[in-house]
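One structure is given below, encoded as structure tokens.
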2 protein chains.
Amino acid sequence: MAETAAAARPASKSEQAYAAVKARIVDGTYSPGYRLVLAKIAEDLGVSVVPVREAIRRLEAEGLVTFERNIGATVAGIDPTEYLYTMQTLSIIEGAATALSAPLVGAADIARARAVNAEMRNCLEHFDPVRFTALNQDFHSILFEHCPNPHILDLVHRGWNRLAALRSSTFRFVPGRAHQSVDEHEALLGLIETGAGADAIEKAARLHRSATLDAYLAQSHS
Amino acid sequence: MAETAAAARPASKSEQAYAAVKARIVDGTYSPGYRLVLAKIAEDLGVSVVPVREAIRRLEAEGLVTFERNIGATVAGIDPTEYLYTMQTLSIIEGAATALSAPLVGAADIARARAVNAEMRNCLEHFDPVRFTALNQDFHSILFEHCPNPHILDLVHRGWNRLAALRSSTFRFVPGRAHQSVDEHEALLGLIETGAGADAIEKAARLHRSATLDAYLAQSHS
DNA sequence: GCCATAGTCTTCGTATACGATTTCGTACTC
DNA sequence: GAGTACGAAATCGTATACGAAGACTATGGC
């Protein structure tokens with residue numbers, strides 16, 4: 001990584017704190033329910049509490065942590081209904097983003113996506129839920145990153161972050177869904193490739209995600 | 001002891017600052033492009049800069065202000081593309097919220113909505129864009145407030161706040177759209193009343209909003 | 001007269017300090 | 001022995017202070 005001397009932006013302490021805490025939440029160092037103590041984090045990062053406070057509040061706004069007045073912050077997650085809400089929201093947002101993005105997705109992008117999907121298919125044999133989930137994110141990123149509306153794109157990213165924070169490599173719980181998911185990916189690519197209507201693409205992308213949610217719900221209710 | 005309303009805690013300075021600044025943005029005291037100087041706001045509110053800083057950052061996360069490092073904060077808005085993005089996002093989110101909310105909307109709600117719409121129709125004669133916009137928000141609120149997914153509901157509220165901040169009583173620019181809008185409201189109520197499918201309701205709600213956007217675009221491009 | 005440069009001034013960024021609030025532990029009473 | 005009350009420790013909330021970065025202005029050279 002290029003901290004290329006002078007060219008590197010010093011990055012404010014707030015940013016550093018934000019990135020550091022977010023990374024630890026996403027990678028699981030701070031698991032859901034973990035108590036985030038301002039002073040401790042500040043010391044760990046070698047900064048004062050003020051920037052850390054700001055970072056925590058930003059993470060709160062994104063829904064990665066919950067904050068109670070005079071009590072402190074804890075890493076959000078765990079709650080299954082929270083997972084449900086997040087998935088449902090993401091299904092809507094991501095569906096829209098994918099549809100808006102589709103006209104801007106070129107042949108090269110399709111090829112890349114297909115390569116990722118092939119990797120996912122390989123992954124099905126000796127199944128690794130974490131790797132599969134990572135590839136899944138790569139795949140969908142290719143499809144929605146061209147979305148011309150920055151607000152929607154931002155919401156999609158927030159949704160993915162929340163899911164990551166919830167530590168729900170969903171496929172860990174419903175491995176059977178993985179196979180079907182790969183097939184749906186191919187179908188989705190076909191729709192985009194043939195220039196299908198925005199409605200069709202949106203519906204397909206949305207159903208793709210809500211099907212995963214349904215699989216999870218069916219699993220956990222049994 | 002009992003949580004009597006009177007004994008309500010004074011609400012943190014951060015909250016006060018947040019509410020105060022937000023109110024001034026929404027009511028137009030701070031118009032788009034206005035330079036928000038931390039020290040000045042802090043003095044006005046009789047607090048220190050730290051809570052104000054936090055408030056500004058929260059508003060930034062909501063998209064009501066933009067913030068540049070070492071430069072300062074300014075009230076967001078003005079930019080027509082920003083308006084476009086916000087409307088498009090809201091059309092998607094509000095459409096989904098309305099559809100999810102529909103099964104929970106009772107006869108009493110329908111009646112209230114119809115009353116509001118009647119007022120809007122009256123309003124058409126001696127047209128007051130600001131009042132019309134306010135009623136419009138009331139109308140839609142009735143339809144989406146029952147949305148069971150709090151995330152989506154939150155996103156809808158953020159969208160409306162952004163629109164308010166942009167000061168675009170859209171109907172000021174496209175008064176001709178108002179009449180059509182009232183009719184679409186009635187159609188939407190009909191769909192909900194007759195228990196139409198979620199797809200139909202979502203599509204109707206979304207089109208209702210994007211039609212307003214299209215009218216605005218057609219107007220401004222001419 | 002115009003552009004470049006230096007100096008100042010405003011405003012943000014962060015550290016430190018202190019007061020406020022909550023929680024936990026301990027001792028005391030019934 | 002259980003419950004309550006008091007006190008200490010931990011943690012958050014906010015004020016103040018100082019250093020740094022950007023922007024304005026004035027002055028000098030071309």
Side-chain angles (χ1 to χ4, degrees), chain A residues 3-22 24-25 30-62 64-76, chain B residues 1-22 24-25 29-76:
Chain A
E3 285 283 16
T4 47
R9 65 290 179 194
S12 80
K13 304 287 181 68
S14 301
E15 286 296 332
Q16 290 176 239
Y18 171 76
V21 175
K22 183 171 174 180
R24 291 185 190 180
I25 291 176
Y30 297 155
S31 46
Y34 185 92
R35 175 90 186 275
L36 295 170
V37 179
L38 296 183
K40 172 145 188 326
I41 296 172
E43 192 183 3
D44 284 356
L45 299 177
V47 301
S48 161
V49 295
V50 179
V52 175
R53 241 184 111 73
E54 234 183 68
I56 299 288
R57 293 311 272 262
R58 278 179 63 186
L59 290 167
E60 183 197 14
E62 289 182 33
L64 288 181
V65 311
T66 61
F67 199 89
E68 256 182 304
R69 154 124 172 157
N70 279 325
I71 304 282
T74 59
V75 177
Chain B
M1 257 318 177
E3 301 278 313
T4 62
R9 64 272 171 157
S12 79
K13 304 286 181 69
S14 300
E15 287 296 331
Q16 291 176 239
Y18 171 77
V21 174
K22 184 172 174 177
R24 291 184 190 182
I25 291 176
T29 305
Y30 297 155
S31 46
Y34 186 92
R35 176 88 187 274
L36 297 169
V37 178
L38 297 184
K40 169 124 187 342
I41 297 172
E43 192 183 3
D44 284 356
L45 299 176
V47 302
S48 160
V49 295
V50 180
V52 175
R53 234 184 119 70
E54 236 184 66
I56 299 288
R57 294 311 272 261
R58 279 179 64 185
L59 291 168
E60 183 197 14
E62 288 182 34
L64 287 182
V65 311
T66 61
F67 198 89
E68 255 182 305
R69 157 120 199 214
N70 279 325
I71 304 283
T74 57
V75 177

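Source: prediction; values computed, not measured. Lettering follows sequence order; numbering is per chain, from 1.
An end-to-end axis angle of 10° holds for the helix from C/dG1-D/dC30 to C/dC30-D/dG1, taken from five base pairs per end and rounded to 10°.
With sequence neighbours excluded, the residues forming a ring-ring contact (aromatic ring centres under 6.0 Å, His included) with B/Y34 are B/Y30, listed by chain and number. Partners of A/S48 according to the side chain to side chain donor-acceptor pair (under 3.5 Å) rule, which considers only residues two or more places apart in sequence or in another chain, do not exist here.
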Could you pull out all donor-acceptor pairs under 3.5 Å where a side-chain atom in residues 40-47 of chain A meets a protein atom, sequence neighbours excluded?
residue	atom	partner	partner atom	Å
A/K40	NZ	A/D44	OD2	3.0

Requested in this report: Dump the intermediate steps for salt bridge (charged side-chain N to carboxylate O under 4.0 Å, His left out) on B/E54 and B/R57, then the final yes or no.
Outcome: CA-CA 5 Å; B/E54 236 184 66; B/R57 294 311 272 261; over 6 Å; no

Query raised in the report: Passes side-chain contact (heavy atoms from CB on, under 4.5 Å), A/R69 versus B/E15? Steps please.
Result: CA-CA 10 Å; A/R69 154 124 172 157; B/E15 287 296 331; over 6 Å; no

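Interatomic distance, A/R58 CZ to A/Y18 OH, rounded to the nearest 0.5 Å: 5.0 Å. Taken from CG in A/L36 to CD1 in A/I56, the straight-line distance is 5.0 Å, to the nearest 0.5 Å.
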Requested in this report: For each nucleotide in nucleotides 7-12 of chain C, reading 5' to 3', give B when a protein heavy atom comes within less than 4.0 Å of its base, S when such contact involves only the sugar-phosphate, and - otherwise.
Outcome: ----SS

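A straight line from CD of B/E15 to P of C/dA20 spans 20 Å, rounded to a whole angstrom. Going from atom OH of A/Y18 over to atom P of C/dG13 covers 17 Å, rounded to whole Å. Rounded to an integer number of Å, the gap from B/E54 CD to D/dT14 C1' is 10 Å.
Sorted by first and then second residue, the ring-ring contact (aromatic ring centres under 6.0 Å, His included) pairs involving residues 54-73 of chain B (not counting sequence neighbours) form an empty list.
Distance from the side chain of A/S14 is smallest to C/dT14 among D/dT14, D/dT16, C/dT14.
Regarding contacts with the backbone of D/dT11, every side-chain N or O of A/K40 stays at 4.0 angstrom or more from both OP1 and OP2. For the pair A/S48 and C/dT14, the criterion of a side-chain N or O lying under 4.0 Å from OP1 or OP2 is not met.
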